[in-house]
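Report on one structure; see the data block that follows.
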Amino acid sequence: MNYQAVIFDFDYTLGDATDAIYAGFRHAFSSMGLPVPEREAVRRTVGLPVQEAYSLLTGDRDQTRRETFYSLFHPVARDMQAKGVVELLPYARELLRGLKEAGVPAALVSTKNTDSLRAVLAVKGVEDCFAYVVGGDRVTRHKPDPEGLLWVLRRLELPPESALYCGDTVIDAQTAASAGTAFCAVLNGTTPAEAFQDLPHVHIAPDLADLGRYLGLPAAGGSK
């Protein structure tokens, strides 16, 4: 293990909450009298703040309507995720348990709302694997600003270069670079491997089993 902490994004890095997210989008768009976008179009926005996803899909940057959209989206998506309408990706549980057994703290830094993250972790039985959980509501500047990552590192009393940030988007790679942490791309989402080639990274993992092997955690998918 070359890192003193491993920090993760959530959506399409550790978990898949597409059904709950899309249900929230359908409800919010319908409630506002707007055409509901295709599921794949919504998937491509996952990882952005919900308000920014709304603007990307509609072209509407009015702040009041952005916040209205979020207020309609959040309760639906949060409640579905709290009821278990989300899947941990293959080897996520083994990876997290492996880190805990190795004494390496894990944390989450995501644009997802903190109470949604905690609800998912609780219902999936992995909340105890995380030293810190930082959602988009806990920062004043969203990724790629490194505020959330740096907050976690200060709490862990670790320098940035001692930690690894794992995520599925170019924004995650940019966040790690801004924070000064190493970055591992995880190809569970909609971003292909070639998108990361010109960005700083130490590894590109096709899945979490490969990430586990990269970290030297046999319990997460076999030996290196």
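When hydrophobic clusters are built by joining Ile, Leu, Val, Met, Phe, Trp and Tyr residues whose side-chain heavy atoms come closer than 4.5 Å, directly or via intermediates, Val86 is not grouped with Tyr22. In this structure, Val123 is not a member of the same hydrophobic cluster as Val85, with clusters built from ILVMFWY side-chain heavy atoms closer than 4.5 Å. Neither Phe196 nor Val186 shares a network with the other; the hydrophobic side chains, linked directly or stepwise wherever heavy atoms of I, L, V, M, F, W or Y lie under 4.5 Å apart, form separate groups for each. Both Leu72 and Tyr54 belong to a common hydrophobic cluster when Ile, Leu, Val, Met, Phe, Trp and Tyr are linked at side-chain heavy-atom distances under 4.5 angstrom. The cluster map of Ile, Leu, Val, Met, Phe, Trp and Tyr, joined by side-chain heavy atoms under 4.5 Å apart, puts Val109 and Leu208 in different clusters.
In this model, a donor atom of one side chain and an acceptor atom of the other lie less than 3.5 Å apart for Thr169 and Asp172. Between the side chains of Asp137 and Thr114, at least one donor-acceptor pair of N or O atoms lies under 3.5 Å. With no hydrogens or angles considered, a side-chain donor-acceptor pair links Asn113 and Tyr70 at under 3.5 Å.
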Subject >> Check against side chain to side chain contact (heavy atoms under 4.5 Å, CB included), Val202 and Phe183 >> reply: CA-CA 6 Å; Val202 295; Phe183 177 70; 5.9 Å; no
**OP:** Take Asp16 and Leu89 through the side chain to side chain contact (heavy atoms under 4.5 Å, CB included) test and state the conclusion after the steps.
**Re:** CA-CA 7 Å; Asp16 185 347; Leu89 291 164; 4.2 Å; yes
Original post:
Stepwise, does the side chain to side chain contact (heavy atoms under 4.5 Å, CB included) test hold for Phe29 with Thr58?
Top reply: CA-CA 10 Å; Phe29 271 96; Thr58 63; 3.5 Å; yes
Subject >> Criterion side-chain hydrogen bond (donor to acceptor under 3.5 Å, both in side chains) on Thr191 and Asp168, from CA distance to verdict >> reply: CA-CA 7 Å; Thr191 306; Asp168 67 293; 5.1 Å; no
Subject >> Val50 and Phe69: CA distance, side-chain angles, deciding distance, side chain to side chain contact (heavy atoms under 4.5 Å, CB included) verdict >> reply: CA-CA 8 Å; Val50 171; Phe69 182 85; 3.6 Å; yes
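Atoms CG and CG, on Leu14 and Leu88 in that order, are 7.5 Å from each other to the nearest 0.5 Å. Residue Ser55 holds its OG atom at 10.0 Å from CG of Leu48, rounded to the nearest 0.5 Å. Distance check: Leu121 CG to Cys129 SG gives 8.5 Å after rounding to the nearest 0.5 Å. The CD atom of Gln51 sits 10.5 Å away from atom CZ of Arg61, with the distance rounded to the nearest 0.5 Å. Note that the SG atom of Cys184 and the CG atom of Leu211 stand 5.0 Å from one another [nearest 0.5 Å]. Taken from CG in Asn188 to SG in Cys166, the straight-line distance is 11.0 Å, to the nearest 0.5 Å.
With Val152 as reference, Val134 is the one residue of Leu158, Thr181, Val134, Val133 to meet the side-chain contact (heavy atoms from CB on, under 4.5 Å) rule.
Cation-pi contact between Arg43 and Tyr12: present, with separation from the ring centre below 6.0 Å and deviation from the ring axis of at most 45°.
Separation of the Tyr165 and Phe8 ring centroids does not fall under the 6.0 Å cut-off. Taking the six-membered ring where the residue is Trp, the centroids of Tyr214 and His203 are separated by under 6.0 Å. Here Phe25 and Phe73 bring their ring centres to under 6.0 angstrom of each other.
With respect to the salt-bridge test (charged N to carboxylate O, under 4.0 angstrom), the residues Arg138 and Glu147 do not qualify. Classification of Asp9 and Lys143 as a salt-bridged pair holds, one side-chain N sitting under 4.0 Å from a carboxylate O. Salt-bridge annotation for Asp60 and Arg66: absent, with no side-chain N of the basic residue lying under 4.0 Å from a carboxylate O of the acidic one.
Minimum interatomic distance between Leu217 and Ala102 (heavy atoms only, all atoms of both residues): CD2-CB, 4.2 Å. In plain terms, the two heavy atoms of Ala173 and Leu199 that are nearest each other are CB-CD1, 3.9 Å. Taking both residues in full, the closest heavy atoms of Arg44 and Thr190 are given as CA-OG1, 4.2 Å, listed atom of the first, atom of the second, then distance. Across every non-hydrogen atom of Val42 and Pro37, the tightest pair is CG2-CG, 3.7 Å. Considering all non-hydrogen atoms of both residues, Ala179 and Pro160 come closest at O-CB, 3.1 Å. Among all heavy-atom pairs drawn from His142 and Gly136, the shortest one is CE1-O, 3.1 Å.
The number of heavy atoms from other shown groups lying within 6.0 Å of CD (Glu161) is above 12. Heavy-atom neighbours of Glu157 CD from other residues, nucleotides or ligands within 6.0 Å: at or below the threshold of 12.
Residues Phe130 and Leu117 fail the side-chain proximity criterion, which asks for heavy atoms closer than 4.5 Å. Put simply, the side chain of Thr175 reaches to within 4.5 Å of the side chain of Leu149, judged on heavy atoms. Looking at Leu150 and Arg154, their side chains come closer than 4.5 Å, going by heavy atoms from C-beta outward. Two residues are said to be in side-chain contact when any heavy atoms from C-beta on lie closer than 4.5 Å; Asp128 and Arg97 meet this criterion. Side-chain contact between Phe10 and Val46 is absent, with no heavy-atom pair separated by less than 4.5 Å.
The backbone N or O of Pro146 sits nowhere less than 3.5 Å from a side-chain atom of Ser178 that would complete a donor-acceptor pair. Ser30 places no side-chain N or O within donor-acceptor distance of the main-chain N or O of His27, the cut-off being under 3.5 Å. No donor-acceptor distance shorter than 3.5 angstrom exists from the side chain of Arg26 to the backbone of Ile21, with no hydrogens or angles considered. In this structure a side-chain-to-backbone donor-acceptor pair under 3.5 Å is missing from Glu67 to Gln63. No donor-acceptor pair under 3.5 Å is formed between the side chain of His201 and the backbone N or O of Ala185. The closest donor-acceptor contact from the side chain of Ser71 to the backbone of Thr68 lies under 3.5 Å. Side-chain atoms of Ser116 do not come within 3.5 Å of backbone N or O of Lys112 as any donor-acceptor pair.
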